[in-house]
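Letters A, B, ... are given to chains in the order of the sequence lines, protein chains preceding strands, and every chain is numbered from 1. Bear in mind the structure is a predicted one, so any value in this text is a computation, not a measurement.
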Number of protein chains: 2
Amino acid sequence: MNSSILTIGHLARQTGTKVETIRFYEKNGLLPEPSRTEGNYRAYEPDHLNRLSFIRRARDLGFSLDQIRALLALSDNRGQSCAAVDAIASEHRAEVEKKITDLMALKAELDRMIDQCGCGVVADCRIIETLSPLPSRT
Amino acid sequence: MNSSILTIGHLARQTGTKVETIRFYEKNGLLPEPSRTEGNYRAYEPDHLNRLSFIRRARDLGFSLDQIRALLALSDNRGQSCAAVDAIASEHRAEVEKKITDLMALKAELDRMIDQCGCGVVADCRIIETLSPLPSRT
DNA sequence: CGTGACCCTATAGCGAATACAGGGTCAATG
DNA sequence: CATTGACCCTGTATTCGCTATAGGGTCACG
């Protein structure tokens, strides 16, 4: 009837999402259940497309599905204070910062370990030695 | 009999590993099955402790269990060239570097998004707007 | 009518653990 | 000798965010 009704495949192509992922979002309460066609196909409306785009964008920014659920709920209450939104985003940013710090420390350790490797035999390998609890058993 | 025989709990405490995790490593072929006591308790020997310490150290450095399996196999063949060890470590370092790069780009985006937030109402929220596919529907 | 592209549900798998249910063992105490 | 409580056992389910099957049904085109 309506030319703006979309199948799940259309929605997938338009948002760069796999069909299975869309069904997964529905099952997990991120995307509302659409109505169905006679043949039991999901029939999506433009709102679904908007919502899915929102989800994908937030996922690309690394938000968890829980956080996205919260962001979606907030964005549906447009008169509320935006502080809660800011809190979620800032919390996420802090997590990202922590991950970066941790990974940089990790990389420094890996650098140290790898740079010591003279690439002889395993028995003399500094990498294995670094990992081993005792000086290499002879 | 032997004072150096350890229960799984001892092994756990000495390596900072959970008991369940040790059993998980055994089931997944990282830690060899120890012999059992009469009461069917696992009876670990010092070699197990060394091996588990190795695994934990490698995990702390972010190696995957697959990579650790390979490193353990290499460290058991002490006459082999150490190049394979270096390859695994370097591959891992490259992955870590990529993660850092990706997360820093992500953080930059989050920074941009969050700094725009005037913390008014959701309807005017720049964060929600950034995530939304269209300029906020009025 | 047949083909192929698409859709449906339900279930299992990934990595790396963690948690739990429902029991058995063991050493020490009363 | 019985009981307590700490420890151990197996087996299964859960986490996160998907992805991948299996085994079908629907639909438009030729």
Side-chain angles (χ1 to χ4, degrees), chain A residues 1 3 5-31 33-44 48 52 54-72 88 91-92 95-96 99 102 106, chain B residues 1 3 5-31 33-44 48 52 54-72 88 91-92 95-96 99 102 106:
Chain A
M1 318 269 171
S3 66
I5 294 301
L6 301 159
T7 67
I8 197 168
H10 289 127
L11 210 61
R13 274 186 293 277
Q14 293 202 26
T15 59
T17 313
K18 299 216 168 175
V19 166
E20 295 91 340
T21 305
I22 298 175
R23 288 195 281 248
F24 168 81
Y25 288 156
E26 178 182 319
K27 200 167 55 183
N28 287 276
L30 284 135
L31 212 48
E33 293 185 28
S35 54
R36 299 289 182 121
T37 65
E38 277 183 27
N40 199 31
Y41 285 18
R42 286 171 180 80
Y44 291 102
H48 288 103
L52 181 53
F54 185 105
I55 295 168
R56 296 305 292 178
R57 235 166 275 214
R59 284 296 299 139
D60 285 346
L61 289 168
F63 287 97
S64 71
L65 297 190
D66 268 356
Q67 289 171 325
I68 295 172
R69 246 184 297 266
L71 288 173
L72 283 168
I88 292 170
E91 181 201 37
H92 176 50
E95 286 162 12
V96 171
K99 267 189 205 162
D102 290 353
L106 191 58
Chain B
M1 319 268 173
S3 67
I5 293 301
L6 301 158
T7 66
I8 198 169
H10 289 127
L11 210 62
R13 274 186 294 278
Q14 292 202 28
T15 59
T17 313
K18 300 216 167 172
V19 166
E20 295 91 339
T21 305
I22 297 175
R23 289 196 280 249
F24 167 80
Y25 288 156
E26 178 183 318
K27 200 168 54 184
N28 287 275
L30 283 134
L31 212 48
E33 293 186 26
S35 54
R36 299 290 181 120
T37 66
E38 277 183 26
N40 199 32
Y41 283 19
R42 285 172 181 80
Y44 290 101
H48 288 102
L52 180 54
F54 185 105
I55 294 169
R56 295 306 292 179
R57 234 166 277 212
R59 283 297 297 139
D60 284 347
L61 289 169
F63 287 97
S64 72
L65 297 190
D66 269 356
Q67 289 171 325
I68 295 172
R69 246 184 297 267
L71 288 173
L72 283 167
I88 291 171
E91 179 201 39
H92 176 49
E95 285 162 14
V96 171
K99 268 189 204 162
D102 290 352
L106 190 58

Could you say whether B/Leu65 or A/Ile8 is positioned toward the 5' end of DNA chain C, judged by the nucleotide with the nearest heavy atom to each? A/Ile8

The helix from C/dC1-D/dG30 to C/dG30-D/dC1: angle between terminal helix axes, five bp per end, to the nearest 10 degrees, reads 30°

Using whole Å, what does the distance between atom [atom2] of nucleotide [N] and atom [atom1] of [X] come to?
| X | N | atom1 | atom2 | value |
| --- | --- | --- | --- | --- |
| B/Glu26 | C/dA17 | CD | P | 15 Å |
| B/Asp66 | C/dG13 | CG | P | 17 Å |
| B/Glu95 | C/dG15 | CD | P | 13 Å |
| A/Tyr44 | C/dC8 | OH | C1' | 11 Å |

Hey, which of these two, B/Arg42 or A/Tyr41, hits DNA chain D nearer its 5' end, going by closest nucleotide? B/Arg42

Between protein and nucleic acid, restricted to nucleotides 18-20 of chain C and to nitrogen or oxygen atoms under 3.5 Å apart, what atom pairs and distances do you find?
unit_1 : atom_1 : unit_2  : atom_2 : d
C/dT18 : OP2    : B/Thr21 : OG1    : 3.0
C/dA19 : OP2    : B/Lys18 : NZ     : 3.4

Which residues share a side-chain contact (heavy atoms from CB on, under 4.5 Å) with B/Ala70, sequence neighbours left out: B/Ile88

Go through the structure and list residues passing side-chain contact (heavy atoms from CB on, under 4.5 Å) with B/Lys18, not counting sequence neighbours. B/Glu20, B/Thr21

Non-neighbouring partners of [X] that pass side chain to side chain donor-acceptor pair (under 3.5 Å), sequence neighbours left out:
| X | value |
| --- | --- |
| A/Asp66 | A/Arg69 |
| A/Tyr25 | A/Arg56 |
| A/Asp102 | A/Lys98 |

Has the side chain of B/Gln67 got a donor or acceptor atom that lies under 3.5 Å from a matching backbone atom of B/Ser64? yes

Contact class for [X] vs. all strands (heavy atom < 4.0 Å): base, sugar-phosphate, or nothing?
| X | result |
| --- | --- |
| A/Thr7 | sugar-phosphate |
| A/Ser64 | sugar-phosphate |
| A/Tyr25 | sugar-phosphate |

Non-hydrogen atoms of B/Thr15 and B/Leu52 that approach each other most closely: OG1-CD2, 3.4 Å

Where A/Ile55 and A/Ile68 come nearest, the two heavy atoms and their spacing: O-CD1, 3.9 Å

Checking A/Phe63 now: which residues fulfil ring pair (Phe, Tyr, Trp, His ring centres under 6.0 Å) with it, not counting sequence neighbours? A/His92

Distance from A/Ile5 atom CD1 to A/His48 atom NE2, nearest 0.5 Å? 9.0 Å

Short N-O contact, B/Glu26 and B/Arg42, less than 4.0 angstrom: yes

Distance under 4.0 Å to a non-hydrogen atom of chain A counts as contact; along DNA chain D, which nucleotides mark the start and end? D/dG17 to D/dC27

